[in-house]
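In each ligand, atom 1 is the first atom listed, and ligand 1 is the first ligand listed.
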Amino acid sequence: MPDYDVIVVGAGNAAMAAAMSAREQGAGRVVVLEKATEALRGGNTHYSGGLFRFAFDRAEDLRPLVPDVERQVSDFFTTVEPYPIDHFRADLHRVTEGRTDPELSEILLGRSYDTVRWIAAQGVVLEAAVSLSAVKVDGKIRWSPGAILRAQHEGVGLSRMWFDIAARRGVEIRYETGAVSLLQDRRGRVTGVGVRDREGYQELPAQAVVLGCGGFESNPEWRARYLGRPWDHAKVRGTRYNTGDGLRMAIEAGALPYGQWTGCHSTPIDADAPPYGDRKLTDKSNRLSYPYGVLVNRLGRRFFDEGEDFQFYTYAKLGGIILGQPGGMAYQIFDQKVTVLLEGRYKTGHPIAADTVRELMGKLPVDHVAGRETIEAYQAAVSSGRFDPTIKDGLATKGLDLPKSNWAQPLDTPPFVAYAVTGGITFTFGGVRIDERARVMSTAWVPIPGLFACGEMVGGLFHINYPGGSGLMSGAVFGRLAGASAAGE
Ligand SMILES: Cc1cc2nc3c(=O)[nH]c(=O)nc-3n(C[C@H](O)[C@H](O)[C@H](O)COP(=O)(O)OP(=O)(O)OC[C@H]3O[C@@H](n4cnc5c(N)ncnc54)[C@H](O)[C@@H]3O)c2cc1C
């Protein structure tokens, strides 16, 4: 008789959703294995902004999720635009350049609203993501499409709520217990997990195993191997524990590698951010208001269309593009017309300021002559029109080889400020192939009996880029599926 019905490896959002789903579907003995210490538990989920992207047809569909939201935003329901499944699908296909897996992405899209209802029913409290997604124009809040709700107290709150729910549901958590291998019988069925804990090595038998232990973003050797240079030098935005263990174990057990193994989610962060995520600062080192400014590298040149799209559709690829610049650095330059629009988290930064753009360039460690030329060329290329941060306003530069396609205003209102940024890695896109029940597929394209996966370990959904808020949503959707399937083993 196995010790456990279901072993869940990892203690982030995906794993916790799997554990709660397994309990709900009747699994009696469910354990969560967490490699981290209790003080460092919760994976990237703890560091996240807690934002969930999901499809909904009417603003009123959000009411059951946030019944008290009008206390937070009095006219909330009149400010929210619907985000139907077609819009979510179009966003996901556009930013992944059509490469998202058709089967898995339809599961993510189609189950997103129902799953967010489910996590709320589990006891995860949601709130309006005001500081993350809202822009106030003429006194009225406007939201970035589909990015409306987050967990209360962001990732810190989400992670804490999941652990509280686990305690209420009788789910055991074993800290400092890293899975090192999968146990398999002669027929290939996964029958448990080999672990290393404070006592040493031991084997934990189970009816089914769910892997929800993240990607390989915190493993410099794998980053160098799969992502190449300069990723071995990247700062990690979140946990130091996601070192690809689950992917290694699954592949050793015959799992099919899937998705973009050279791809990852990475964002512009404060150049002085620590090498791994800071438990208190969490995602506050992000610097995502670049659509309102001008971005130059150390050569004093622009290298990215800052106004290509809303930040939630470009930020997850921009980190890598910055990391590829000389020194892995860039500078976001703003004038006082737009500093009011900068996300609140810019307050954690230390901008360099000057009264003229020329003087500002002189203070930055960039090629001063080229930097001044770049800004002069930009100023000469902006056209007149109405600036509107709530829509793609078409206020584009004219005649530049590298345009700024929206929100291109002159830098003309001192003092001017520059924020130094680098690229921080969030999570990797390569994973294993799962089916519609979150069963891990073998290289023979048949399910490996007893083995399930969810969260960052799922390959195929994200390529090149991703729409903000999809990581937690995917973790919840496939975690819930994995847990329910595992309970049925
Ligand atoms: C700064 C930051 C901000 C973000 N903001 C958002 C956001 O607002 N919205 C959004 O959708 N996404 C966001 N993300 C991405 C999101 O956090 C991840 O997609 C999501 O948390 C992944 O969930 P997961 O459960 O798969 O992995 P994780 O939450 O990383 O959990 C992995 C778990 O596995 C454990 N583990 C690893 N190896 C082992 C092992 N061998 N044995 C046992 N345990 C192991 C880890 O310790 C951890 O508990 C953000 C990420 C970061 C870093």
Heavy-atom nearest neighbour of atom 12 (N) of ligand 1 within options Phe216, Trp162, Tyr175, Tyr466: Tyr466
Heteroatom distance test (Thr239, ligand 1): nitrogen or oxygen, under 3.5 angstrom: no
Sole candidate of Phe77, Phe312, Phe76 that passes ring pair (Phe, Tyr, Trp, His ring centres under 6.0 Å) when paired with Trp143: Phe76
Ring geometry between His87 and Tyr83 (parallel below 30°, tilted from 30 to 60°, perpendicular above 60°): tilted
Gly178 N/O to ligand 1 N/O under 3.5 Å: no
Side chains of Arg150 and Ser131, donor plus acceptor under 3.5 Å: yes
Donor-acceptor pair between Gln332 and Glu306 side chains, under 3.5 angstrom: no
Contact (N/O only, under 3.5 Å) between Gly469 and ligand 1: yes
Ligand 1 atoms in contact with Gly238 (distance to a heavy atom under 4.0 Å): 53 (C)
Presence of salt bridge, Arg111 and Glu436, under 4.0 angstrom: no
Distance from atom 23 (O) of ligand 1 to nearest protein heavy atom, with residue and atom: Thr45 OG1, 3.7 Å
Test of proximity, Gly50 against ligand 1: N or O pairs below 3.5 Å: yes
Numbered atoms and elements of ligand 1 in range of Gly43, under 4.0 angstrom, heavy atoms: 28 (P), 29 (O), 30 (O), 31 (O), 48 (C), 49 (O)
Per-atom contacts, ligand 1 versus Val9 - under 4.0 Å to a heavy atom: 42 (N), 43 (C)
Lys392 and Asp309 ion-paired at < 4.0 Å: yes
Nearest non-hydrogen protein atom, atom 4 (C) of ligand 1: Ser48 CA, 3.3 Å
Asn242 N/O under 3.5 Å from ligand 1 N/O: yes
Phe427/Tyr466 aromatic ring centres below 6.0 Å: yes
Show the atom names and distances, to 0.1 Å, of all donor-acceptor pairs under 3.5 Å that link a side chain in residues 225-233 to residues at least two apart or in another chain.
{"unit_1": "Arg225", "atom_1": "NH2", "unit_2": "Glu221", "atom_2": "OE1", "d": "2.8"}
{"unit_1": "Arg225", "atom_1": "NH2", "unit_2": "Glu221", "atom_2": "OE2", "d": "3.3"}

Closest candidate by heavy atom, reference atom 20 (C) of ligand 1, pool Asn13, Thr177, Val458, Leu472: Leu472
Flag for Asn286-Glu343: side-chain donor and acceptor within less than 3.5 Å: no
Residue Gly212 vicinity, atoms of ligand 1 by number, heavy atom under 4.0 Å: 32 (C), 33 (C), 34 (O)
Atom 19 (O) of ligand 1 - nearest protein heavy atom and its distance: Gly471 CA, 3.6 Å
Atom 42 (N) of ligand 1 [closest protein heavy-atom partner, distance rounded to 0.1 Å]: Ala179 N, 2.9 Å
Option from Leu92, Asp91, Leu104 for which side-chain contact (heavy atoms from CB on, under 4.5 Å) with Leu109 holds: Leu92
Nearest-neighbour protein heavy atom for atom 53 (C) of ligand 1, which is reported as residue plus atom name and distance: Thr426 CG2, 3.6 Å
Side chain, backbone, both or neither: the part of Ser470 lying under 4.0 Å from ligand 1 by heavy atom: backbone
Residue and atom name of the nearest protein heavy atom (relative to atom 35 (C) of ligand 1), distance in Å to one decimal: Glu34 OE1, 3.5 Å
Close-contact set for ligand 1 against Gly12 heavy atoms, below 4.0 Å: 25 (O), 29 (O), 31 (O), 33 (C), 49 (O)
For Asp245, the ligand 1 atoms whose distance to one of its heavy atoms is below 4.0 Å: 38 (N), 40 (C), 41 (N)
Cys454-ligand 1 polar pair, N/O distance under 3.5 Å: no
Lys/Arg-Asp/Glu bridge criterion (N-O < 4.0 Å) met for Glu70, Arg63: yes
Side-chain H-bond candidate by donor/acceptor type, Gln207 with Arg29, under 3.5 Å: no
Non-neighbouring partners of Glu203 that pass salt bridge (Lys or Arg N to Asp or Glu O under 4.0 Å), sequence neighbours left out: none
Under 3.5 Å: N/O of Gly214 near N/O of ligand 1: no
Contact (N/O only, under 3.5 Å) between Met473 and ligand 1: no
Atoms in ligand 1 with a heavy atom of Gly455 nearer than 4.0 Å: 26 (O)
Closest approach of any protein heavy atom to atom 25 (O) of ligand 1, naming residue and atom: Ala14 N, 3.0 Å
Proximity of Asn44 to ligand 1 by residue part, where a heavy atom lies under 4.0 Å: both
Distance-only side-chain donor-acceptor flag, Thr243 / Lys35, under 3.5 Å: yes
Test item: side-chain donor near acceptor, Tyr47 and Arg237, under 3.5 Å: no
Nearest-contact summary for atom 26 (O) of ligand 1 - protein heavy atom, Å: Glu456 N, 2.9 Å
Numbering as shown, the atoms of ligand 1 that approach Tyr241 to under 4.0 Å (heavy-atom distance): 37 (C), 38 (N), 47 (O)
Test item, Gly475 contacting ligand 1 (heavy atom, 4.0 angstrom): no
Donor-acceptor contact present, side-chain Asp5 to main-chain Ala487, <3.5 Å: no
Mutual orientation of the aromatic rings belonging to Trp261 and Trp222 [parallel < 30°, tilted 30-60°, perpendicular > 60°]: tilted
